[in-house]
Amino acid sequence: MILITGGTGFIGSHTAVVLQQAGYDVLVIDNLHNSEREVISAIGQITGREPAFIEGDIRDVSLLAGLFKTHHIQAVMHFAGLKAVGESTQIPLTYYDNNIQGSITLLQAMRNAGVRTFVFSSSATVYGDPQRLPLTEDHPRSATNPYGYTKLVIEDILESLYRSEPGWKIARLRYFNPVGAHPSGLIGESPQGIPNNLMPFIAQVATGQRKQLNIFGNDYDTPDGTGVRDYIHVMDLAEGHKTALEYCNAQAQTLLTTNLGTGQGYSVLEMIQAYEQACGKPIAYQVAERRPGDIAACWADTTYAKQTLGWKADLGLKEMCQDGWRWASRDNTGQQKRGQDSFNTD
Ligand code: NAD
Ligand code: UFG
């Protein structure tokens, strides 16, 4: 059985689908801070069986001890965490406690139970402001905000753990910009309040929940002046996790650190255009100030992932936007209610 922390969240839920469809048994633990229990039944609808689910917090020592005792867990995929860069600058202690302390508690429970296979959600944020592109895994790391710092620290904790005793099989997966949704339209990304990220914001302009998109700067040193990112379909990312798990399982011990991206950068204007094609409506936008802390451009070198895992992203911008739009435009009253709670035409 594979334990997925944060498994009702965006990336964890898609990975749960891929793992179940590959024949793995999945146990999800999530405190539902940023997701909903209904995701479990949606995973059941897609795959034909619901994963086991425990509502709880990864910082709960006795809950974790009990969970490792009562289930035959072979590996842990660790998605649970807080991820809003802006919020992390306002409540850093909460981020350090949830992300760093949460990871330590989880790793201690694994160690006590003799479970040593761990797949971790790291981020391209660990590269800081890129000194060169595309980003290779040996690019110097840095952090400019508490969220990014938690990823650096957890990466380092995993390295010391790997070196401390034999048998650990650890994958540190550095995601670029995950977007899109499962093609069924049954699971996807559900940001609460005003979306921080580009794609969910564009989606809410398309559904009429927001009046227009603010483009954060059009004077960057990029072909059209807007920020360039490596957007990756969440289903490709989920497949990448399954491949990383299988890679770990095949080693006696390993500390794998790899990018998961497409290697292709798209600008904000290109994303708007592609989304307009997918939803068949114009996306209203205005150019606003640069967002503090943003970088001009970022995309992955995908060579190492191809070499080690034999994995590469298959889905393009069209699928990212079509699948994202299918999810965003679904008839889901719960989601609409939440959207109204936070209605804002900024
Ligand atoms: P998400 O918020 O949709 O999912 C995270 C899940 O973890 C949520 O369901 C939340 O309720 C749960 N959670 C948070 N703290 C918890 C705790 N202490 N105990 C139990 N459950 C807890 O986020 P996501 O986009 O799916 O991201 C998953 C992971 O990937 C995160 O670690 C994030 O930092 C990382 N990541 C995300 C992105 C991105 O752009 N989405 C990019 C790079 C890395
Ligand atoms: N953007 C806008 N308007 C918006 C939102 C975003 O113009 O309303 C622009 C940004 O300036 C940037 C691009 O769209 O140029 C992408 O922005 P996102 O916020 O979607 O993504 P980021 O690359 O800034 O950050 C994301 C995650 C971080 C993670 C990082 C690297 O939010 O947590 O990718 O993996 F660290």
Side-chain angles (χ1 to χ4, degrees), residues 4-15 28-37 39 54-60 63-64 77-86 88 94-95 97-99 101-103 105-106 120-128 135 143-145 147-148 150-151 154 173-179 188-192 194-202 204-205 210 212-218 220 222 226-232 234 237 241 259-261 265-269 271-272 285-298 300 346:
I4 303 191
T5 75
T8 45
F10 175 42
I11 306 169
S13 59
H14 291 78
T15 304
V28 167
I29 179 171
D30 201 299
N31 64 4
L32 303 181
H33 174 81
N34 197 35
S35 55
E36 284 165 8
R37 182 183 289 271
V39 171
I54 289 170
E55 182 178 346
D57 198 292
I58 54 160
R59 289 163 296 179
D60 185 335
L63 176 76
L64 286 190
M77 289 203 175
H78 180 34
F79 298 92
L82 301 174
K83 61 166 184 175
V85 172
S88 79
T94 305
Y95 271 68
D97 181 45
N98 197 83
N99 293 6
Q101 188 53 49
S103 298
T105 306
L106 177 63
F120 174 59
S121 302
S122 190
S123 166
T125 196
V126 300
Y127 296 121
L135 285 158
T144 52
N145 58 71
Y147 165 72
T150 68
K151 295 296 179 194
I154 299 164
L173 305 181
R174 294 176 177 162
Y175 314 157
F176 281 67
N177 290 55
V179 296
E189 191 171 10
S190 303
Q192 296 182 19
I194 304 167
N196 297 307
N197 297 118
L198 179 66
M199 278 286 267
F201 202 108
I202 292 179
Q204 292 193 4
V205 175
R210 315 235 166 240
Q212 63 183 357
L213 171 76
N214 285 317
I215 297 184
F216 296 143
N218 67 351
Y220 283 106
T222 60
T226 65
V228 168
R229 296 290 184 277
D230 183 338
Y231 297 94
I232 174 168
V234 65
L237 196 59
H241 283 76
N259 291 334
L260 293 183
Y266 290 107
S267 73
V268 176
L269 287 172
M271 293 305 286
I272 294 173
Y285 66 83
Q286 65 177 10
V287 176
E289 291 288 291
R290 287 184 180 194
R291 182 170 61 178
D294 264 1
I295 56 176
C298 168
D346 278 358

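Every number for a ligand or one of its atoms is a count from 1 in the order of the listing.
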> Can you report which non-hydrogen protein atom sits closest to atom 14 (C) of ligand 1, along with the distance?
G81 N, 3.4 Å

> What atoms of ligand 2 come within less than 4.0 Å of a heavy atom belonging to L213?
3 (N), 4 (C), 8 (O)

> For ligand 2, which part of F176 has a heavy atom less than 4.0 Å away: the side chain, the backbone, both, or neither?
backbone

> Ring centroid separation for H241 and Y175, is it under 6.0 angstrom?
yes

> Quick one: does ligand 2 sit under 4.0 Å from the side chain of D294, the backbone, both or neither, non-hydrogen atoms only?
side chain

> Tell me, please, whether Y220 has R290 positioned over its six-membered ring: NZ or CZ under 6.0 Å from the ring centre and within 45 degrees of its axis?
yes

> Please write down residue, atom name and distance for the protein heavy atom closest to atom 25 (O) of ligand 1.
K83 NZ, 2.8 Å

> Would you find a donor on one side and an acceptor on the other, under 3.5 Å apart, between the side chain of N259 and the backbone of L135?
yes

> How far is atom 19 (N) of ligand 1 from its nearest protein heavy atom, and which residue and atom name does that atom have?
I58 N, 3.1 Å

> Show which atoms of ligand 2 fall inside a sub-4.0 Å distance from at least one heavy-atom site of N177.
21 (O), 22 (P), 23 (O), 26 (C), 34 (O)

> Quick one: does K151 get a heavy atom under 4.0 Å from ligand 1?
yes

> Quick one: nearest non-hydrogen protein atom to atom 16 (C) of ligand 1, plus distance?
N31 ND2, 3.4 Å

> Does L198, backbone or side chain, put an N or O under 3.5 Å from an N or O of ligand 2?
yes

> If you take the nearest heavy atom of each of Y175, F79, F10, F120, which one is closest to atom 36 (N) of ligand 1?
Y175

> Could you pull out, from V179, L260, N98, the option with a heavy atom nearest to atom 15 (N) of ligand 1?
N98

> Among all protein heavy atoms, pick the one closest to atom 4 (O) of ligand 1 and tell me residue, atom and distance.
G9 CA, 3.4 Å

> Tell me whether ligand 2 is touched by Y220 - counting only heavy atoms on the residue side and a distance under 4.0 Å.
no

> Ignoring hydrogens and geometry beyond distance, is a side-chain donor-acceptor pair present between R59 and Q101 at under 3.5 Å?
no

> Please work out which of S123, G148, A84 has its closest non-hydrogen atom nearest to atom 30 (C) of ligand 2.
S123

> Cut-off 3.5 Å, side chains only: do S121 and H78 have a donor facing an acceptor?
no

> Enumerate the atoms of ligand 2 whose separation from the nearest heavy atom of N196 is less than 4.0 angstrom.
5 (C), 19 (O)

> Got more than 12 heavy atoms from elsewhere within 6.0 Å of OH, Y285?
no

> Any atoms of ligand 2 less than 4.0 Å from a non-hydrogen atom of N214? List them with their elements.
2 (C), 3 (N), 4 (C), 7 (O), 8 (O)

> Can you tell which of I272, V287, N218 makes a side-chain contact (heavy atoms from CB on, under 4.5 Å) with T226?
N218

> Can you check which of Y266, Y175, Y231, F216 brings a heavy atom nearest to atom 16 (C) of ligand 2?
Y231

> Which ligand 1 atoms, with their elements, are less than 4.0 angstrom from a heavy-atom of S122?
43 (C), 44 (C)

> In terms of atom number and element, which parts of ligand 1 are under 4.0 angstrom from non-hydrogen atoms of L32?
11 (O)

> Tell me, yes or no, whether the heavy-atom count around Q286 atom CD, taken from other residues, nucleotides or ligands under 6.0 Å, exceeds 12.
yes

> Checking a contact table here: which protein heavy atom is nearest atom 34 (O) of ligand 1, and how many Å away?
Y147 OH, 2.7 Å

> Minimum distance, heavy atoms only, to atom 15 (O) of ligand 2: which one of P178, G227, S267, P195 is it?
G227

> Could you tell me, atom by atom, which parts of ligand 1 come under 4.0 Å of a heavy atom of H33?
11 (O)

> Enumerate the atoms of ligand 1 whose separation from the nearest heavy atom of S121 is less than 4.0 angstrom.
29 (C), 30 (O), 32 (O), 35 (C)

> Which one of N34, I11, D30 has a non-hydrogen atom at the shortest distance from atom 9 (O) of ligand 1?
D30

> R291 heavy atoms, cut-off 4.0 Å: which ligand 2 atoms fall inside?
10 (C), 17 (O), 18 (P), 19 (O), 24 (O)

> For I215, take its heavy atoms, then give the atoms of ligand 2 lying under 4.0 Å from any of them.
7 (O)

> Compare I295, L269, V85 and give the one whose heavy atom is closest to atom 28 (C) of ligand 2.
V85

> Nearest non-hydrogen contact with atom 18 (P) of ligand 2 belongs to which option: V268, N197, N218?
N197

> Could you check whether any heavy atom of G102 sits closer than 4.0 Å to an atom of ligand 1, since that is the contact criterion I want to use?
no

> So which heavy atom on N196 is nearest to which on R291, and how close?
O-NH1, 3.0 Å

> Which residue holds the protein heavy atom closest to atom 40 (O) of ligand 1, what is that atom called, and what is the gap in Å?
P178 CD, 3.3 Å

